[in-house]
Amino acid sequence: MLMNINLPTVNLQTRRSRVGVRALAGLLLLTASKLILAQELGDHQYTSEAIEAGSRVYTQQCALCHGPQGDLIDGINLRRGQFRTAQSDADLVTVISQGAAEGRMPSFDLRFEELNGVIAYIRAGFDPDGIAVKIGDPVRGKALFEGKGECADCHRVNGVGPRTAPDLSSIGAIRTPASLQRNMLDPATALLPINRPVRIVTRNEETIVGRRLNEDTYTVQVIDSNERLRSLRKSDLVTFEISDAPSKQPTTLSSDEVADVVGYLLTLRGLR
Ligand code: HEC
Ligand code: HEC
């Protein structure tokens, strides 16, 4: 289940001295992949021009009722992406162009750039410099998560699935859409320092391969490849390797499919 644990061995004694070099290499890698990412994000995110166009539409046509911060209507906060029924961008298109609540939310006959723009502005959190990730259909996203996307091969949701990758049951409550999307498109730059794959050899010559959950000065906690939680004293370890390699490849799903999976992940809020 775990892969790519073939980075330079870091013995406890030499670890400190190598960190600098590895951090520098990591930084260069990060810069390069950020450039590539910027080129590829076009299909996955709204442009800054769209966000700007949307801010004009919003001020002129929506702020009157929803307020400059998008929070004037009970139970709805447009800036934070809290709606009553809408989830996907397609739902927003429907609400805006058909209206809701017997006309209390009027229907708008907007041009494509205006409609696209106002959705971009909402998805950017009303921030002209924000990242406005496209958000698709959660039902399709769930099917992709469990099927073609192969996410469920590694991730556990609401008690189902393996424990070798992080449990995603409440991921929608703790990560932004942009970070969820980045994890799929560019796992190498989305790595969290914790969660790293580790390979450990103890003084008893036991080899443990797993995922790091926690670490302090004297101990490290890992989930091993048999999904057991292990707490180890560092003084009992001969080798302690932490991999910087991403645990997975960028997804091969299309941009619409990625949007659907993001839509699904956002519904995972730890409510069972
Ligand atoms: C005349 C007042 C009014 C204007 C103008 C208005 N809205 Fe609304 N909007 C409402 C009301 C009222 C609701 C709550 C409807 C309900 O009860 O479900 C709402 C709901 C919404 C929702 C949430 C739908 C859901 O599923 O919860 C969105 C999104 C929305 N409006 C976007 C917009 C946008 C974008 C504009 C500008 C193009 C706009 N609104 C202009 C009154 C307005
Ligand atoms: C080969 C196993 C594997 C597959 C397949 C996989 N992941 Fe992951 N994923 C991981 C591991 C391991 C981590 C944590 C380590 C890391 O950050 O690389 C992770 C991290 C994540 C995170 C971040 C968790 C956090 O705490 O922020 C998200 C979100 C995520 N994956 C979503 C997905 C989605 C969606 C798919 C399917 C498109 C997927 N993963 C496919 C192994 C996998």
Side-chain contact, heavy-atom cut-off 4.5 Å: I135 with P177?
yes

Determine all donor-acceptor pairs shorter than 3.5 Å in which one atom belongs to a side chain in residues 57-71; sequence neighbours excluded.
unit_1	atom_1	unit_2	atom_2	d
Y58	OH	G67	O	2.7
T59	OG1	S55	O	2.7
Q69	OE1	R79	NE	3.1

With R156, which residues qualify under salt bridge (Lys or Arg N to Asp or Glu O under 4.0 Å), at least two apart?
none

Please assess D127 against I51 for the test side chain to side chain contact (heavy atoms under 4.5 Å, CB included), listing each intermediate value before the final yes or no.
CA-CA 8 Å; D127 176 356; I51 299 171; over 6 Å; no

For K234 versus D216, what's the shortest heavy-atom pair and its separation?
NZ-O, 2.7 Å

When every non-hydrogen atom of L268 is compared with those of V157, the smallest separation belongs to CD2-CG1, 3.9 Å

Do I208 and R230 come within less than 4.5 Å of each other through their side chains, counting heavy atoms only?
yes

Rounded to the nearest 0.5 angstrom, the CG-CZ distance for D74 and R84 is 7.0 Å

Shortest non-hydrogen contact between V133 and A178, atoms and distance
CG2-CA, 3.5 Å

Residue pairs, two or more places apart or on separate chains, that pass salt bridge (charged side-chain N to carboxylate O under 4.0 Å, His left out) and touch residues 46-59:
E52-R56

If the condition is salt bridge (Lys or Arg N to Asp or Glu O under 4.0 Å), which residues does R228 pass it with, not counting sequence neighbours?
D224

To check you understand the geometry: which heavy-atom pair defines the closest contact between G263 and P138, and what is its length?
O-CB, 3.8 Å

Side-chain (R269) to main-chain (G172) donor-acceptor, under 3.5 angstrom:
yes

Ion pair check, E241 and R196, cut-off under 4.0 Å:
no

Do T219 and L232 come close enough that some side-chain heavy atom pair is under 4.5 Å?
no

Nearest heavy-atom contact between C154 and A165 is O-CB, 3.2 Å

Contact summary for Q221 and E215, nearest pair of heavy atoms:
OE1-N, 4.3 Å

Is there a donor-acceptor pair closer than 3.5 Å between any side-chain N or O of R211 and the backbone N or O of R163?
yes

Tell me if a side-chain donor or acceptor on S169 pairs with a main-chain N or O of N158 at a distance below 3.5 Å.
yes

Please list all pairs meeting salt bridge (charged side-chain N to carboxylate O under 4.0 Å, His left out) that have one or both residues in residues 249-263, counting only residues at least two apart or in different chains.
R140-D260, K148-E257

Polar side-chain atom of E114 near backbone of R111 as donor-acceptor pair, under 3.5 Å
yes

Whether Q87 side chain and D137 backbone form a donor-acceptor pair below 3.5 Å
no

Only pairs at least two apart or in different chains count here, so list each side-chain hydrogen bond (donor to acceptor under 3.5 Å, both in side chains) that has a residue in residues 89-104.
Y46-D89, S88-D91, D89-R123

Is there a continuous path of hydrophobic side-chain contacts, each under 4.5 Å between heavy atoms, that joins I174 to L180?
yes

